[in-house]
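For reference, the structure discussed in these notes is given below.
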Amino acid sequence: KPDEPYMTLIVKAIMSTADHRMVLADIYLWLMDYSPYYRLTKSSWKNSVRHNLSVNECFVKSERARNGRGFFWTVHPACVQLFQDGDYSRRSARAAIQ
DNA sequence: TTGTGTTTATGACGGA
DNA sequence: TCCGTCATAAACACAA
């Protein structure tokens, strides 16, 4: 239901932390806090979140999470300024990386 | 076994 | 019409 694409929301979630890194489970929580859509609907959107993390080059894995599962997810260093300026377009992100 | 991550496929949609 | 973007589904491997 939210009009913003997953890539934008995931970027906002990760960039909302002080160290710009977040574990998958916390990205879930951030989204559920962001919109009731993710709170109320059955979890096909979690599949989409994982798909976006893998597919979009702007998301890079950091160290493995010690307590929980998986890795810390961060944004590509070349995209940080772009995102801070509010440009979440996939085209711009890819251009910044290449 | 469960959660996490990768990958492929498919369809809708809008712009050039 | 072709191309890029986005969403959704689903199969699979892997680690805790």
Side-chain angles (χ1 to χ4, degrees):
Chain A
K1 205 65 175 183
D3 53 334
E4 292 168 291
Y6 282 110
M7 174 179 158
T8 301
L9 296 177
I10 296 171
V11 166
K12 287 184 175 180
I14 294 175
M15 303 274 291
S16 73
T17 67
D19 46 5
H20 289 179
R21 58 177 207 172
M22 191 177 274
V23 156
L24 177 64
D26 289 330
I27 298 178
Y28 290 160
L29 292 177
W30 190 94
L31 286 171
M32 288 187 275
D33 180 74
Y34 179 83
S35 167
Y37 173 81
Y38 302 112
R39 235 184 341 261
L40 276 62
T41 63
K42 278 295 184 179
S43 52
S44 66
W45 58 268
K46 293 185 177 180
N47 193 4
S48 298
V49 170
R50 297 194 302 273
H51 173 256
N52 269 265
L53 286 171
S54 289
V55 147
N56 293 350
E57 317 77 5
C58 62
F59 300 125
V60 300
K61 289 184 296 185
S62 187
E63 320 101 54
R64 184 171 288 278
R66 19 209 146 292
N67 47 342
R69 297 170 173 271
F71 294 80
F72 282 99
W73 287 94
T74 67
V75 299
H76 195 290
C79 299
V80 172
Q81 189 59 52
L82 211 57
F83 295 151
Q84 284 177 341
D85 291 343
D87 186 354
Y88 302 105
S89 83
R90 180 171 172 82
R91 288 193 56 83
S92 300
R94 297 189 61 169
I97 293 173
Q98 302 317 328

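Note on naming: letters A, B, ... go to the chains in the order of the sequence lines (proteins, then strands), and numbering restarts at 1 for each one.
S48(A) comes within contact range of at least one nucleobase, with a heavy-atom separation under 4.0 Å. Note on F59(A): nothing from the nucleic acid sits closer than 4.0 angstrom, heavy atoms only.
Here S44(A) does not reach the OP1 or OP2 of dT8(C): none of its side-chain N or O atoms lies under 4.0 Å away. An OP1 or OP2 oxygen of dT4(B) is reached within less than 4.0 angstrom by no side-chain nitrogen or oxygen of W73(A). Contact check, K61(A) against dT6(B): a side-chain N or O comes under 4.0 Å of OP1 or OP2. Side-chain nitrogen and oxygen atoms of Y6(A) include none within less than 4.0 Å of the OP1 or OP2 phosphate oxygen of dT5(C).
When rounded to the nearest whole Å, the span between OH of Y88(A) and P of dC6(C) equals 14 Å. Separating the NE2 atom of H51(A) from the C1' atom of dC6(C) is a distance of 9 Å, rounded to the nearest angstrom. Between the C1' atom of dA7(C) and the CG atom of L53(A) lies a distance of 15 Å, rounded to the nearest Å. In this structure, N52(A) places its CG atom 14 Å from C1' of dA9(C), rounding to the nearest Å. Rounded to a whole Å, the CZ atom of F71(A) is 8 Å from the P atom of dA16(C). Remark: P of dG4(C) and CZ of R90(A) are 11 Å apart, rounded to the nearest angstrom. Between E57(A) atom CD and dC6(C) atom P there is a gap of 11 Å when expressed in whole angstrom units. Atom-to-atom, CZ of R94(A) to C1' of dT5(C) comes out at 11 Å; the value is rounded to the nearest Å.
You'll find that the side chain of V55(A) is closest to dT8(B), out of dG5(B), dT5(C), dT8(B). Candidate nucleotides dG3(B), dA10(C), dG5(B) were compared by shortest atom distance to the side chain of R69(A), and dG3(B) ranks first.
To the nearest 0.5 angstrom, E63(A) atom CD is 8.5 Å from T74(A) atom OG1.
Ring-plane geometry between F83(A) and Y88(A) is classed as parallel, the angle between the planes falling under 30 degrees on a 0 to 90 degree scale with a further cut at 60.
Between R91(A) and R50(A), the one whose closest nucleotide on DNA chain C sits nearer the 5' end is R91(A). For W45(A) and G70(A), each mapped to the nucleotide of DNA chain C holding its nearest heavy atom, the one lying further toward the 5' end belongs to W45(A).
Annotation: side chain of N56(A) is not in contact with side chain of I10(A) (no heavy-atom distance under 4.5 Å). Side-chain contact between Q84(A) and M15(A): present, with at least one pair of heavy atoms (C-beta onward) separated by less than 4.5 Å.
Taking both residues in full, the closest heavy atoms of T17(A) and H20(A) are given as OG1-N, 3.0 Å, listed atom of the first, atom of the second, then distance.
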